[in-house]
Structure formats: C-alpha cells, structure tokens
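Start at 1 and go down the list; that is how both ligands and their atoms are numbered. Quick note: numbers below take in every heavy atom, side chains included, and nothing from hydrogens, waters or symmetry partners.
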Amino acid sequence: MIPFNKPFLVGKETQYIEEAVLSGKISGNGNFTVKCQNYFENTFGFKKALLTTSCTDALEMAAMLMDISPGDEIIVPSYTFVSSALAFTRQGAKIVFADSRKDHPGIDEESIEKHITSKTKAIVVVHYAGVACDMDVVMDIANKHNLFVIEDAAQAIDSYYKGKALGSIGHLGTFSFHETKNIISGEGGLLTINDERFVDRAEILWEKGTNRSAFFKGEVDKYGWVDTGSSFLPSELIAAFLFAQLERLKEIQAKRKQVWETYFAALKPLMEQMLLKLAHIPDYAVNNGHMFYLITDHIEQRDALIKHLKTNGVHAVFHYLSLHKSPYHTAHNNEKAQQLPEADRYTDCLIRLPLFYDLSIDEAQQIARTIKNFYE
Ligand SMILES: *Cc1c(COP(=O)(O)O)cnc(C)c1O
C-alpha cells in the first residue's frame, strides 16, 4: 500500500536535538530557536518571525494581538482547517464564512466585500495547497475598510505571490510544521509579523504576558507580568529538529514539485477530456508542491475513485468538511445557515493523492495510470 503521507527525516534531527540537550539549554528561545527565526526572516523577508508550538497557536496569538473580542466579526473561508476559525471564536468573535473560488478552493476574493459590516475586524485568507490567494485584491479591500489581514499559510512555506513569499504580505501570517506539511517538527508552527506595530507585543504574548524577551535583550532591567499571553514558544528540542529540516528545504521542495509535475503531466489528458479537474495555478502564484488534488464531478464518483485506488494499493483521501455546516458552528450561531456552494463542492468532490519526499516518480506514474484506468 502506498501511504497518503510519510514524514521525511533528513537525518540530522537527532544530532541537533543531542546538541541542544548537551548545551544544557532545552527550554524555548535558545540558539536553535534564534537560528530558525533568523533563517525565516532572512530567506522569506518576514519582518519578525516567532516559533510557536503549532499553527493553531500562531493563529491564537494573532487573535490576541488584534484584541479580538465579543461582537467582532472575522471573515474566514469555509473550506479550511478548523483552526483558521477556532482561534478567533475563542476570543468571542463571530465567524462570517466566505465561499471558495470556482477555479480554486481558496477564498473567493470578489465575495469578501459583501460580508463586511461595521463590526468586521479582520480577513483570514488560507493559501490552500500552497497556492497564493490574490493578495493585491485582498489587501486593497482591507486597506479600504481598515481591516487586518491574517494569512493562514500553514501549507504555504516557500510559496510566492508576485515574487513575495506568502506569509510576508498580510499584517500577520501563520505556518505549520505538523508532520503532514512540507517542513516538519512533529508539531510546530510560526507566527510572522509584518506590521511593525505588533512586534514588541507579540514577544510579550509569546512569553506568558511578560517582558522577558526585552529583559534578555537588555532593554529593561527586570521583567514581570505586563499583558495577556500564554506559553506559545516551543522547546529547543523542537527548534533543533526544525533547523535540521530547514537546512534541506531546497532539496525537499524540489522533490515535492517534481512529484507534483509528474502527476499533473500524466493526468492532464483526463482534464482535457473534461473527466476531472486539476489545480489551477494563477500566473501570480508559485506553487510549493504541498499537495496534489483532483476534483471529481460528484461525491459518488469521488468515493468510487478513492475505493478504486485503495483496491489498487493507493491511499488517497478527501479533505475538509466546510466549516459553515460544522456541528460547532451551527450550534453557536443563531442565524440561518449560509449558502456556500463552492465550499460544498470541494467538500464533496476533492481528492488528495499521496505526495511526500520518498514517493518515487515511478510510483506517481503508477498512481496516475490507476486513475486513468478508473475513467476508462
Ligand atoms: C495544518 C493546518 C493548520 C493547523 O496547523 P497545526 O500546526 O496543526 O496547528 C491550520 N490551517 C491550515 C490551513 C492547515 O493546513
């Protein structure tokens, strides 16, 4: 059976963890944390990068930084992972869901404005499959209405919009290093801060509401409780693991993109015969090979194709269940359910194929042939 995902280890993870242990400093914000953060800032042009224990935590920090409170509204795509919405409901916000684009599961940028009210505080965009949303359109809307933009770039490390790294464009950005992502540390995440106004406070929220970071930099002569916050910073063991991965980022990305291109070339004829749909990569987006998906005509066909692949030794999976229909949202929202037909279509029809570093090009071709057999 070809698995859907297999975490890739570069080999140096345990060596760096051992170095961290022997250094005697294994709590957060040590050498490896600083090395990772510098790498992210220098490579991708984030104003400030802070490692977190997950992307979910980074999103929670974003909600705290914006002082989201009951009565505020946040616009979030419905077709996304729970955390893109959860982090804001925890602060008491009302989530207003937006639909996906017809040609991409990401937020329909043109639909955002109709959801804006006097209570709207922020727009969350999700760069689904590492493919950029149209950020010029999103930032223009945000600037016009004085809103914050958070890029949920969990899947989008080393992806670009018009040459700019994703996560460097919105006021805040969040990444995940969960073992299913391109670059991993088991669990792990990153908050990127591109708006100068948030930098100092982000370090305080990160360090349990204390000005400990400023103390270590010699900016204050004692530290204490100055704000809200939590324990968002990961231990050095996580950062050591992550740094080993970052050293091999280029190679990891190159291999993933090669698998992606192999699938795309092999399945393109089926798309041209209108038997299925493949990802649309707009001219402004550079893809990072995070995910390869295809879209079937209806849910019965999707289930039949997943079953056919399974019978032939391939583990393929569907993805998100739109959040506007989730039990939690419907139980906590009195208004009548939103109609988001594109989000529903991706919920019903999208299939993700195996894509990981150790998947061979031969295996990718074999999987594509199995799909062709299904349509024949
Ligand atoms: C993976 C993912 C998350 C959650 O990441 P964690 O690090 O597991 O918290 C959030 N949003 C999106 C879009 C994701 O793909």
Side-chain angles (χ1 to χ4, degrees), residues 4-5 7 28 36 40 49-64 74-90 95 97-98 100-101 104-107 122-133 135 138 149-159 161 166-167 169-170 172-192 206 230-235 238-239 241-242 245-246 256 279 285 287-293 317-324 326 328-329 343 346-347 350 352 355-356:
F4 171 67
N5 181 50
C36 290
F40 286 120
L50 291 175
L51 292 192
T52 58
T53 47
S54 65
C55 180
T56 305
D57 263 5
L59 286 160
E60 287 178 11
M61 278 185 75
M64 287 184 181
I74 313 286
I75 298 171
V76 182
S78 177
Y79 191 74
T80 182
F81 188 65
V82 176
S83 304
S84 321
L86 169 72
F88 302 93
T89 58
R90 290 184 79 259
I95 305 296
F97 286 114
S100 299
R101 286 166 64 126
H104 186 263
I107 195 165
I123 304 164
V124 177
V125 296
V126 179
H127 302 299
Y128 186 79
V131 178
C133 299
M135 290 307 291
V138 175
V149 173
I150 301 103
E151 296 180 73
D152 180 344
Q155 305 173 7
I157 193 75
D158 196 33
S159 275
Y161 173 76
L166 299 187
I169 304 166
L172 299 163
T174 64
F175 289 88
S176 174
F177 308 117
H178 183 265
E179 72 168 28
T180 51
K181 307 300 202 263
N182 291 26
I183 300 294
I184 62 175
S185 59
E187 304 278 353
L190 177 74
L191 176 71
T192 62
W206 190 58
S230 191
S231 185
F232 287 117
L233 69 173
S235 96
I238 302 274
F241 190 114
L242 183 64
Q245 294 258 321
L246 289 178
R256 295 186 72 106
N287 166 29
N288 67 349
H290 172 63
M291 179 199 302
F292 192 92
Y293 65 84
V317 294
F318 56 86
H319 208 187
Y320 301 130
L321 306 177
S322 344
L323 298 180
H324 70 288
S326 63
Y328 186 86
H329 180 72
Y346 294 113
T347 298
L350 186 144
R352 295 178 291 158
L355 204 174
F356 48 89

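Side chain of Thr56 to main chain of Ser83: no donor-acceptor pair is present (N/O by atom type, distance under 3.5 Å, no hydrogens or angles). In this structure, Arg352 contributes its side chain and Phe318 its backbone to a donor-acceptor pair below 3.5 Å. The closest donor-acceptor contact from the side chain of Asn5 to the backbone of Glu179 lies under 3.5 Å. For the pair Thr192 (side chain) and Gly167 (backbone), a donor-acceptor distance under 3.5 Å is present. A donor-acceptor pair is defined here as one N or O able to donate and one able to accept, closer than 3.5 Å; no such pair exists between the side chain of Trp206 and the backbone of Thr52. A donor-acceptor pair under 3.5 Å links the side-chain atoms of Glu151 to the main chain of Ile169, judged by distance alone. Between the side chain of Gln245 and the backbone N or O of Ile183 there is no donor-acceptor pair closer than 3.5 Å.
Between Thr56 and ligand 1, at least one N/O pair is under 3.5 Å apart. An N or O contact shorter than 3.5 Å is missing between Glu187 and ligand 1 by distance.
Ligand 1 is never approached by Ala58 to a heavy-atom distance shorter than 4.0 Å. Residue contact annotation: Tyr320 has a non-hydrogen atom under 4.0 Å from ligand 1. Lys181 counts as a contact of ligand 1, since one of its heavy atoms falls under 4.0 Å from the ligand.
With sequence neighbours excluded, the residues that form a side chain to side chain contact (heavy atoms under 4.5 Å, CB included) with Ser231 are Lys208, Leu233.
In the vicinity of Cys55, heavy-atom distances shorter than 4.0 Å reach the ligand 1 atoms 4 (C), 5 (O), 6 (P), 7 (O), 9 (O), 10 (C). In summary, the atoms of ligand 1 found under 4.0 Å from a heavy atom of Val126, numbered by their order in the structure, are 13 (C). Listed by number with element, the atoms of ligand 1 under 4.0 angstrom from any heavy atom of Gln155 are 13 (C), 15 (O). Here is the list of ligand 1 atoms found below 4.0 Å of a heavy atom in Gly188: 7 (O).
The shortest contact between atom 7 (O) of ligand 1 and any protein heavy atom is with Ser176 OG, 2.7 Å. Summary of contacts: the protein heavy atom closest to atom 11 (N) of ligand 1 is Asp152 OD2, 2.8 Å. Of the protein's heavy atoms, Phe81 CD2, 3.6 Å lies nearest to atom 3 (C) of ligand 1.
At a heavy-atom distance under 4.0 Å, no atom of Phe175 approaches ligand 1. At a 4.0 Å heavy-atom cut-off, ligand 1 touches Ala154 through the side chain alone.
Phe81 and Tyr320 have tilted rings, their planes meeting at an angle from 30° to 60° on a 0 to 90° scale.
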